[in-house]
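What follows is one structure encoded as structure tokens, with my remarks underneath.
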Amino acid sequence: MSRVINFNAGPAGLPLPALERARDEFIEFGKSGMSIMEHSHRGKDYEGVHNEAIALLKELLAVPATHEVLFMQGGAHLQFSTIPLNFLPPGKTADYVITGNWANVAASEAKKLGALGVGKVNVAGNTEVEKKFTRVPTQAELKLTPDATYVHTTSNNTIFGTQFQAFPDTGAVPHICDMSSDILSRKLDVSKFGMIYAGAQKNIGPSGVTVVIVKKDALARCTRPIPSMLDYRIHVKKESLYNTPSTVGIFVIEQVLQWIQDEGGLSAIHARNEDKAARLYAELDRTAFWRPHANPDSRSRMNVTWRIHNPDLEAVFIKEATAVGLNGLKGHRDVGGLRASIYNACPTESVDALIAFMKDFEKRNG
Ligand code: PMP
């Protein structure tokens, strides 16, 4: 089998060594006579996988002892409701910074819960112009509520291709951040966040698992009864085994995290991601044939978005690129044009192959 070059936004390409390790143990885990999927989630074999995946995440992200790492389900979407249910009591306000579709959904899901007695949502910043987002806000633009219970941001806007290069300063107010599309792509000071969450299907592993990193002292502030599956305190107490987790998902996550470590950890991954993105943006800036979507200071290192000066050529570009094995380059319908998602597992050679194709395409159509 020859693997195609995969620029999908998520689920996205996974590192081949991680897939190979998962394959080797797929039918029989260790010498246990069965697949990991067939083991009890309460048994010793699975326990080893579960604990190792959590330990690797803690190590790679240098998670301080003040924070807990959880595996949950329901994707980032379920976190959009779980967060206000846990952390936004009646009479209080949470600040939301709107930088793209996902930030918008996070805020509107929180607003909906007003009907169930959850506190108020305040939009503390919004960079939307004519239904598009080309940048993240500056610190000076934010109108933060001094006594908010949290500030919610989205670190990387998968659809628009923008990313916070420096996170907003939320002062003493806990910062909750959706890192679905850039977690593990760069070094991070976890201690600055009240909570971080991410659907796994970009840089962590397969879909079906959501990683949550939550500060333990934040949990004490939740005093209301909420459904057990949505209660962080229960997941912390039960060490992410309150109910049956996605055991096979967490098993593949363990392989992906091991691969990151083998590659040299987040310093090495970060340097590679900066280099890959710099190569692609240099091509986009080389000629007016391409029209990069994001403002230079907000450019995402994970999702690179652009148009072609003549939009009629975009469908031709996608068709020809697919024919030569460059997959997943169609932009999201809200931006149009093209998008290359160049997550951790995307090798530099794949980015170089895309750039070579782009140069040739311009020559033939410029
Ligand atoms: N937030 C961001 C930044 C995303 O990119 C996505 C999915 N692409 C989501 C949230 C929604 O994730 P899920 O499908 O896991 O609910």
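As the structure lists them, so they are numbered: ligands from 1, and atoms in each ligand from 1.
- Remark: ligand 1 atoms within the under-4.0 Å shell around heavy atoms of Gly75 are 15 (O), 16 (O).
- For the pair Arg279 and Thr348, the minimum side-chain heavy-atom distance is below 4.5 Å.
- Of the N or O atoms in Asn156, none lie within a sub-3.5 Å distance of an N or O in ligand 1.
- Looking only at heavy atoms of the protein, atom 16 (O) of ligand 1 is closest to His77 ND1, 2.6 Å.
- Ligand 1 lies nowhere less than 4.0 angstrom from a heavy atom belonging to Asn157.
- In this structure, Trp102 CH2 and Ser181 OG are separated by 10.0 Å, a value rounded to the nearest 0.5 Å.
- Each of the atoms 2 (C), 3 (C), 4 (C), 5 (O) of ligand 1 lies under 4.0 Å from some heavy atom of Thr158.
- Between the side chain of Ser298 and the backbone N or O of Gln163, no donor-acceptor pair lies under 3.5 Å.
- Among all protein heavy atoms, the one lying closest to atom 1 (N) of ligand 1 is Asp178 OD2, 2.6 Å.
- Taking 4.0 Å as the cut-off between side-chain N and carboxylate O, Arg21 and Glu254 do not count as a salt-bridged pair.
- Checked for salt-bridge contact, Glu362 and Lys359 miss the test: no charged N lies under 4.0 Å from a carboxylate O.
- Protein heavy atom at the shortest distance from atom 6 (C) of ligand 1 is Trp102 CE2, 3.5 Å.
- The existence of a salt bridge linking Lys363 and Asp360 is excluded, since no basic side-chain nitrogen approaches an acidic carboxylate oxygen closer than 4.0 Å.
- When each atom of ligand 1 is checked for a heavy atom of Ser180 under 4.0 Å away, the hits are 1 (N), 2 (C), 3 (C), 4 (C), 10 (C).
- From the protein, the heavy atom lying nearest to atom 12 (O) of ligand 1 is Ala76 CB, 3.5 Å.
- Taking 4.0 Å as the cut-off, Lys202 counts as a neighbour of ligand 1 on heavy-atom distance.
- Of the charged side-chain nitrogens involved, none lies within less than 4.0 Å of a carboxylate oxygen, so that Asp95 and Lys120 do not count as a salt-bridged pair.
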Starting from the C-alpha separation in whole Å, work towards a yes-or-no answer on side-chain contact (heavy atoms from CB on, under 4.5 Å) for Leu329 and Phe317.
-> CA-CA 9 Å; Leu329 289 165; Phe317 182 98; 4.1 Å; yes
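- Residue contacts with ligand 1 for Phe80 involve side-chain atoms from C-beta outward but no N, CA, C or O (heavy atoms, distance under 4.0 Å).
- In this structure, Gln201 counts as a contact residue of ligand 1, since one of its heavy atoms falls inside 4.0 Å of the ligand.
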